[in-house]
Participant: 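Can you read through this structure? Questions will come right after.
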Amino acid sequence: MSVSIDARACVGCGACARACPGNLIALGPDGHARMRRPRDCWGCTACLKACPAGAIAYFLGADAGGRGTTLRVSRSGALSVWEFRRPDGSVERVEVDARDANAY
Ligand code: SF4
Ligand code: SF4
């Protein structure tokens, strides 16, 4: 499983479920999002970018060189803020201007 949803932070908006191209997320009876088929997630990060509450964490496992680092995405105006939290407690933030997202 490459993403984890924090039910305490989830506000039940359903944006992640709509964003997931694999239809892997659904709102549960408690109104919070949950993974339906965790093993099918291929880590596209669409749900992270869609979540307005920062409730979804993406795990960068050892196979990806992350050694348990988690990634969360939040919005600050036109900026997407990608926050990497490493197991040693260090945090790195990368700001991406969403208006330049396709400027490559
Ligand atoms: S990372 Fe992509 S495939 Fe995985 S649950 Fe999120 S939107 Fe779906
Ligand atoms: S997008 Fe975030 S806040 Fe909205 S349902 Fe999904 S996890 Fe909850």
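When a ligand or atom number is given, it counts from 1 through the structure's own listing order. What you see is a predicted model; the values in this text were computed from it and never measured.
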Participant: Going by heavy-atom distance to atom 3 (S) of ligand 1, choose the closest among Cys47, Gly22, Cys44.
Facilitator: Cys44

Participant: With heavy atoms of Gly14 as the reference, note each atom of ligand 2 found under 4.0 Å away.
Facilitator: 4 (Fe), 5 (S)

Participant: Taking backbone and side chain together, does Cys51 place any N/O/S atom at a distance below 2.8 Å from atom 2 (Fe) of ligand 2?
Facilitator: yes

Participant: Run the numbers for me: atoms of ligand 2, each under 4.0 Å from some heavy atom of Val11, listed by number.
Facilitator: 3 (S), 8 (Fe)

Participant: List the steps and the verdict of side chain to side chain contact (heavy atoms under 4.5 Å, CB included) for Leu71 and Phe59.
Facilitator: CA-CA 6 Å; Leu71 165 66; Phe59 286 91; over 6 Å; no

Participant: Which residue supplies the protein heavy atom nearest to atom 4 (Fe) of ligand 1, what is that atom called, and how far is it?
Facilitator: Cys41 SG, 2.4 Å

Participant: Just to be sure I read this right, does ligand 1 sit under 4.0 Å from the backbone of Leu48, its side chain, both, or neither, counting only heavy atoms?
Facilitator: neither

Participant: Ion pair present between Arg86 and Asp88, side-chain N to carboxylate O less than 4.0 angstrom?
Facilitator: no

Participant: Checking side chain to side chain contact (heavy atoms under 4.5 Å, CB included) for the pair Val3/Met35: CA distance, chi angles, key distance, verdict?
Facilitator: CA-CA 8 Å; Val3 301; Met35 288 291 286; 3.6 Å; yes

Participant: Give a yes or no on whether a salt bridge exists between Arg93 and Glu83, defined as a side-chain N under 4.0 angstrom from a carboxylate O.
Facilitator: yes

Participant: Check whether any side-chain heavy atom of Cys47 lies under 4.5 Å from a side-chain heavy atom of Ile25, and answer yes or no.
Facilitator: yes

Participant: Nearest to atom 8 (Fe) of ligand 1, what protein heavy atom do you find, and at what distance?
Facilitator: Cys20 SG, 2.4 Å

Participant: Checking Ser80 against Arg75 for the side chain to side chain donor-acceptor pair (under 3.5 Å) test, could you report, in this order, the C-alpha distance in whole Å, the side-chain angles of both residues, the deciding distance, and whether it holds?
Facilitator: CA-CA 5 Å; Ser80 288; Arg75 278 296 182 102; 3.2 Å; yes

Participant: I'd like to know whether ligand 2 has Pro52 as a neighbour, heavy-atom separation below 4.0 Å.
Facilitator: yes

Participant: Return the residue, atom name and 0.1 Å-rounded distance of the protein heavy atom closest to atom 6 (Fe) of ligand 2.
Facilitator: Cys16 SG, 2.3 Å

Participant: Between Arg85 and Glu92, is there a salt bridge with N-O shorter than 4.0 Å?
Facilitator: no

